[in-house]
Each structure stands twice: as C-alpha cells, then as structure tokens.
Amino acid sequence: MANDASAVSDTRSPQSLADPFTPAADSSLWRKNFLLGAATASYQIEGAVAEDGRLPSIWDTFSATPGKVLAGDTGAVACDHYHRWQEDVDMLAGLGLEGYRLSIAWPRVMGAAGAPNRKGLDFYKRLLARLKEKGITTFVTLYHWDLPQHLEDRGGWPNRDTAYRFADYADLISRELAGSVDAWATLNEPWCSAYLGYGNGHHAPGLADGRFATQAMHHLLLAHGLAVPVLRANDPTSQKGIVANMGRGTANSDSAADQRAAHLFEVQHNAWILDPLLKGAYPRDLFELWPGTEPLVLDGDMQTIAAPLDFLGVNYYFRTNLASDGAHGFTEVPPEGVERTQMGWEVYPDGLRDLLTGFKKTYANLPPIYITENGMASDDKVTDGHVDDTQRIAFLKRHLAAVDQAIKAGVDVRGYFLWSLMDNFEWAFGYERRFGVVHVDYATQKRTIKRSAELVAKFLRERKART
Ligand code: IFM
C-alpha cells in the first residue's frame, strides 16, 4: 500500500501533475493553526460487526433487510478498518493530515445492561493512542447513526429514555477515554437521524412518520444537552460540541413567496437545530407551518439543550433551490445545466460561505466553527496505480476558497475535515458512491491514494515548510 504521498512513484504526464489545488497566496488556509484533516464514521469503515462482543446496531438490521440498501450491501466488512487501523493511521500521517474525525460505535463499547465492553473499548484506546503518537488532533463523535438495536427495540429515538441511555454511554466513554480525545462531538447530523431514520425511512431504522421524526429530533437534542455536562465533568480539557448538516436554501425567483420558501427550508434544516442550541427555543415558524407536529417538550428540556458549546461542527454538501408551493410550503426546483456529483448533488461552494456568514449574523453567541464534513462522491477508478479525481480536486479548492471568504468576512472557522478519508459504506447507496480521498478496492482492501489526497498532502508539506 502506498501510504506516503511524497513517495508515490508517478508515471503520468507532467500536464496531469500540474497543481490545480494550492490555495491562493492570501488564503487563510496558509495559517498553520487552521486544522486540515479527514473524517470517517464507525459503521462506514470498521466492519467486524460481530467481533469482540459488539452488539447489533440499527444499521446491521436495516442493511440486512432486502431492498433497503443498494445492491444489498452491508457494513459487515466495510473497509475492514477494525483490523487495518494501524495502516490507516499510518496513511493519514503519511499524508500529513493534521486532524482525524472518527466516531465510536456505541454497540461496540457498551453492553445492553450498560456494562463496559473491554475489548471494544481497547480498540478505541489503541487507535487514539496511535493517533496521539503521530501528533494527529482527534475529533471523536459519540453517535454517527449506529444506535444499538436493543434500544431501537425499546422505541429508539422517539422514546425519551434513549436520551438518558445516551448520557450513560457518554459517561462511560468519556471516563474511559479521558485525556486521549481533543474534541468530542455528541451527535452527527441529528436532522438526518430524525428525518431519514424516522420521517421518510430512507435510513435505519426505516420508519416513516412525521410525528416520530420531530419527537426523535427533540430527544436527540436532549441527549446532546444531557451529555455535554457529563463530558465536561469527565474530560475537562477537551472541547465539546455537536456536528450538524446544514442546508443552504436559495429562492428560485425574487418573489416574496419564493424568498419565504427558501427561508422556511433553512428554518426546517438549520434553525430547527441551531435555535435550540444557541437560543434555547425552537423556531416559531417551524411549527406554524406544520401544526400538530410539535414534539412533547418537558420543563427544563430547552435549558438542558442550550448547554454552552466550545465548537459547532458544520457539514456542507450542496444547495437546494426552492419555490413556493402555492400554499404554505415549498417545493424544490433543481437548476438545470449545473455541475453535479455522483450523488446528483449540485456543486455550489457559495452556499457554504453564505451559510457561515448568515449564522454569524443570526447568532450572537455562535461558537467557533469547524467544517466537520465537506467533499463529494465520484465514480473513481484506479488506472496504472493512480486515481485522477479531477472533479474532486476542483471541488475541494473551491469549497476551501468559500471557507476563506467566510473567515475574511469575520466568521471564526478553525478547521476543515475532508469527507472522507477513504471510500466507504455510503448508507443506503452502499459501496457504489465513492467519497474518499483514498480509493478502496473492496475485494482486496487495497488503499490507493487519489490525486486529490496527494495534492492536499503537497499543500500541507509546503505550509509546514514555511517559516
Ligand atoms: O457519508 C455521509 C456521512 O456519514 C454523513 N454526512 C454525509 C456523508 C455523505 O452522504
């Protein structure tokens, strides 16, 4: 496996090796304290789903259900990271990446009655120790969608009790891993857990009921709020935050109705999460639009959810263009003739800048931001030992330029994580969609560093060499 980007032997034409990535000379990306890393998630890369006492998760059940995941793929083996973690860390370090965002598989580390699973915990202890040895800053997400199945069997996230079980898990894991994590994120993308998992059934556990989705959302946020003080008590020196997918809604025309449609879309995707976290209240127009979908909120919940944060993780991929539906809601109007990725998502870097500058205006107490995911899927192939992912290279350069613009406009963005370190299990799309900056051949588990990763590595070497 080629794990040192500087040592990759290259037989391609000088033309294809011209550097289309390096940020502009005045870019904030050149600042040495701007953290540049890569991200993954447990179910998407680990495999070993029945090893060393790991319990089943909702994704094991969902992906084993015919028709739920493209080609019947499951995370049973994935990138076999559970066994190949040492070479994967060496690969990260060989690329010079400074940060690594990973997630812990809850069903791997905690038994159904709440007892620690030593073998599962040891895996993460060894992994984090090696990352520390390599000088890599670690962002650890507690929940990236792999809920233990036994909790789903008791009602999952629509059941309030799951929030308390999450706080117990946060307590266990932060006592065990205290001192070895630089930043904890409680949840990854609660909107997706709630709406894709319980609202439309595209993700595990595959339920489709709007009321379940809103109640799940409230309990996810409550779980976050309950966990933050626990993490603070057990591991006082690390940063604590949350990671959310943020949706950019643009209006299809200047009409007031279309402008309102775009506004409502952003309320439903962004304010739904940021208002409770940063203002301690749900946005009013959310439930005005969808009356009767309000979750049950108990006294004190909103104060719990608004626990102060050290950072906000923003995941950004694309925009949604919207028009009024002629009634009270909105409808999507996909623009024509625009560049799209393998997911069909529009490439729209301005959306990232506009979201960031918008959040700064809206929230006086906006914490420092890390872009915890950004990247794109492409149908990458290995040719003569190389992967020339030209679309991704341009994508990354343009999105990093958008981040720079936001920083110059006064937004405190402190880092950026590529999604993803390597190709992996892309949920309902299985292994077909390749988001990695490293290619994975799933038949052999061979990792091949793509051209995008080589260029990021080159930039990091140049930045390091500057005095
Ligand atoms: O792969 C996912 C990740 O798990 C969560 N954010 C979006 C990515 C791409 O769909």
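In each ligand, atom 1 is the first atom listed, and ligand 1 is the first ligand listed. Remember, predicted model here, so these are calculated numbers, not experimental data.
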Output for ligand 1, non-hydrogen cut-off under 4.0 Å, lists Gln44, His144, Trp145, Asn188, Glu189, Tyr317, Trp345, Glu373, Trp419, Glu426, Trp427, Phe435

Should Lys119 and Asp122 count as an ion pair when the cut-off is N to O under 4.0 Å? no

For Phe62, which residues count as a ring pair (Phe, Tyr, Trp, His ring centres under 6.0 Å) partner, sequence neighbours excluded? Trp59

Flag the pair Asp379 and Arg434 as a salt bridge only when some basic side-chain nitrogen lies within less than 4.0 angstrom of an acidic carboxylate oxygen. no

Under the side chain to side chain contact (heavy atoms under 4.5 Å, CB included) test, residues paired with Arg340 that sit two or more places apart: Pro334, Pro335, Val338, Glu346

Just jot down the ring pair (Phe, Tyr, Trp, His ring centres under 6.0 Å) partners of His439, sequence neighbours excluded, or say none. none

Counting only heavy atoms not in Phe395, do more than 12 fall under 6.0 Å of its CZ? yes

